[in-house]
Amino acid sequence: MVPKAIARYDIAHDHNEYYNKFVIEYLQTEHLTAGSSLVTTLKNGKKRVYKKDLKAAYPKTKQRLYEFSREHPEVLETYREHLERAEKEDLSSALSSEDEQILAEVLIEALKSIQPGNKMASDFHNLVIGLMEFLFFPNLLCPIKEQEIHQGRKRIDIVMENGARAGVFHRLHNIRHLPCSFVPIECKNYGNEISNPELDQLAGRFSPNRGKFGILCCRNFQDRSLFIERCRDTFKDDRGLIIPLDDATIIRMLIYISDGQREIIDTELNQIINEVWIA
């Protein structure tokens with residue numbers, strides 16, 4: 001049985017709160033100020049914008065929320081501050097150590113059960129979304145599956161927002177000055193070696209606005225050191241920083257959580273980044 005506290009990682013719940021309490025209320029003020037066609041004048045002369053009208057004009061979809069957050073980063077920042085306050089004020093809602101241990105062990109078995117190859121590529125893709133949320137919450141948030149870019153000509157397997165206030169994702173953006181407001185993640189359920197075409201594909205998803213840091217999730221390496229060298233080449237050519245997370249690395253991180261040592265994940269990620277960064 002999945003612990004009910006895992007609702008902390010339910011991104012659908014987060015989207016509902018963000019949409020109803022922050023996006024819609026911001027749009028109410030914006031439309032009132034602009035005197036748009038959505039403004040209704042009451043009999044007493046007061047003006048109002050009804051939420052139902054706004055929801056009809058701005059439907060709640062992940063794509064729209066993604067675009068709204070990009071256009072109004074101050075609203076997303078307010079929401080993040082709200083989440084931080086809520087987490088401090090209601091620690092009882094967080095996963096207990098026992099819950100985290102159970103979920104980590106379940107995810108390890110789920111990953112091991114997926115066979116490499118095209119047949120289970122979709123299963124791997126879906127599982128990686130959950131893995132990234134569980135491993136990196138609250139630093140990486142709001143995953144979007146198969147995010148379209150370049151007017152739909154290309155797709156990114158997963159895009160997550162960087163909401164880090166500390167740790168490796170914060171340092172990348174604010175200390176190392178590598179743009180990474182959004183983090184693209186590619187999922188490769190291959191049974192064979194990952195090589196340059198997969199790196200080039202992910203590097204082609206980078207941009208100054210989306211960011212220049214990405215994660216490539218794959219099953220295993222025959223020669224990991226060679227792949228790291230390829231990541232270094234990409235980084236040296238100023239085509240972005242890409243790090244690999246294979247099954248062995250992901251399982252090791254899940255074991256840290258199972259052992260009550262979640263904080264080691266940040267150290268391990270930093271080490272992987274430095275493998276590429278410091279040549």
Side-chain angles (χ1 to χ4, degrees), residues 111 116 121 124-125 127-129 131-133 135-136 139-140 143 147 149-150 153-164 166-256 262-279:
L111 182 58
F124 181 65
H125 188 175
L127 180 61
V128 167
I129 295 174
L131 285 166
M132 295 299 101
E133 284 195 275
L135 288 172
F136 303 134
N139 298 313
L140 296 186
Q147 171 69 54
I149 59 172
H150 300 162
R153 293 189 298 275
K154 294 181 180 179
R155 288 188 178 187
I156 306 172
D157 284 348
I158 306 164
V159 173
M160 300 187 75
E161 294 181 19
N162 184 354
V168 66
F169 296 110
H170 173 81
R171 293 193 298 272
L172 267 180
H173 192 76
N174 294 281
I175 306 299
R176 302 199 193 203
H177 303 296
L178 183 73
C180 53
S181 296
F182 297 90
V183 178
I185 302 163
E186 289 291 330
C187 310
K188 304 300 179 186
N189 194 42
Y190 296 174
N192 55 338
E193 191 78 341
I194 302 294
S195 57
N196 284 331
E198 290 74 35
L199 272 176
D200 292 341
Q201 180 191 35
L202 183 49
R205 274 46 175 168
F206 295 150
S207 76
N209 290 332
R210 282 190 298 274
K212 301 191 73 176
F213 169 72
I215 299 172
L216 198 155
C217 293
C218 60
R219 306 311 304 271
N220 57 68
F221 291 106
Q222 296 173 8
D223 189 342
R224 185 180 180 278
S225 60
L226 175 60
F227 186 79
I228 292 294
E229 286 293 341
R230 289 169 171 160
C231 292
R232 287 174 183 161
D233 292 340
T234 300
F235 184 58
K236 288 176 183 177
D237 290 343
D238 196 27
R239 295 192 295 125
L241 176 66
I242 297 170
I243 64 167
L245 294 182
D246 61 352
D247 279 17
T249 304
I250 291 171
I251 288 173
R252 190 162 58 248
M253 290 179 175
L254 290 169
I255 290 173
Y256 293 149
R262 176 180 275 275
E263 67 280 359
I264 299 179
I265 292 175
D266 192 80
T267 302
E268 174 130 355
L269 269 180
N270 198 64
Q271 290 173 347
I272 297 170
I273 289 168
N274 284 341
E275 282 187 275
V276 179
W277 193 290
I278 303 172

Review point. Counting N and O atoms only, with roles assigned by atom type, does the side chain of His125 sit under 3.5 Å from a partner on the main chain of Asp157, one being a donor and the other an acceptor?
Key: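 Yes.
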**Study point:** CA sep, side-chain torsions, deciding dist, call: Leu140, Met132, side chain to side chain contact (heavy atoms under 4.5 Å, CB included)
**Key:** CA-CA 8 Å; Leu140 296 186; Met132 295 299 101; 5.7 Å; no
Exercise for review: Taking side chain to side chain donor-acceptor pair (under 3.5 Å) as the test, write out the residues that go with Arg230, two or more places apart.
Suggested key: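 With neighbours one apart ignored, the set is empty.
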**Study point:** Partners meeting side chain to side chain donor-acceptor pair (under 3.5 Å) with Glu229 (sequence neighbours left out)
**Key:**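 Glu229 satisfies side chain to side chain donor-acceptor pair (under 3.5 Å) with Arg232 once adjacent residues are dropped.
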Check your understanding: Between Leu241 and Lys212, is a side chain to side chain contact (heavy atoms under 4.5 Å, CB included) present by the stated rule, with each step listed?
Key -> CA-CA 6 Å; Leu241 176 66; Lys212 301 191 73 176; over 6 Å; no
Using 0.5 Å steps for rounding, measure from the [atom1] atom of [X] to the [atom2] atom of [Y].
{"X": "Leu254", "Y": "Thr249", "atom1": "CG", "atom2": "OG1", "result": "11.0 Å"}
{"X": "Ile215", "Y": "Ile185", "atom1": "CD1", "atom2": "CD1", "result": "4.5 Å"}
{"X": "Leu172", "Y": "Ile175", "atom1": "CG", "atom2": "CD1", "result": "10.5 Å"}
{"X": "Ile129", "Y": "Ile158", "atom1": "CD1", "atom2": "CD1", "result": "4.5 Å"}
{"X": "Phe221", "Y": "Leu226", "atom1": "CZ", "atom2": "CG", "result": "10.0 Å"}
{"X": "Ile265", "Y": "Asn139", "atom1": "CD1", "atom2": "CG", "result": "10.0 Å"}

Check your understanding: What pairs meet the side-chain hydrogen bond (donor to acceptor under 3.5 Å, both in side chains) rule with one or both residues in residues 175-185, with sequence neighbours excluded?
Key ->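 Output for this query lists Arg176-Asn270, Arg176-Asn274.
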Review point. Passes side chain to side chain contact (heavy atoms under 4.5 Å, CB included), Cys231 versus Leu199? Steps please.
Key: CA-CA 7 Å; Cys231 292; Leu199 272 176; 3.8 Å; yes
Point to revise | Arg239 bridged to Asp200 by N-O distance under 4.0 Å | key: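 The answer is yes: the pair qualifies as a salt bridge.
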Check your understanding: Are any non-hydrogen side-chain atoms of Ile228 and Pro244 less than 4.5 angstrom apart?
Key ->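 Side-chain contact under 4.5 Å: yes.
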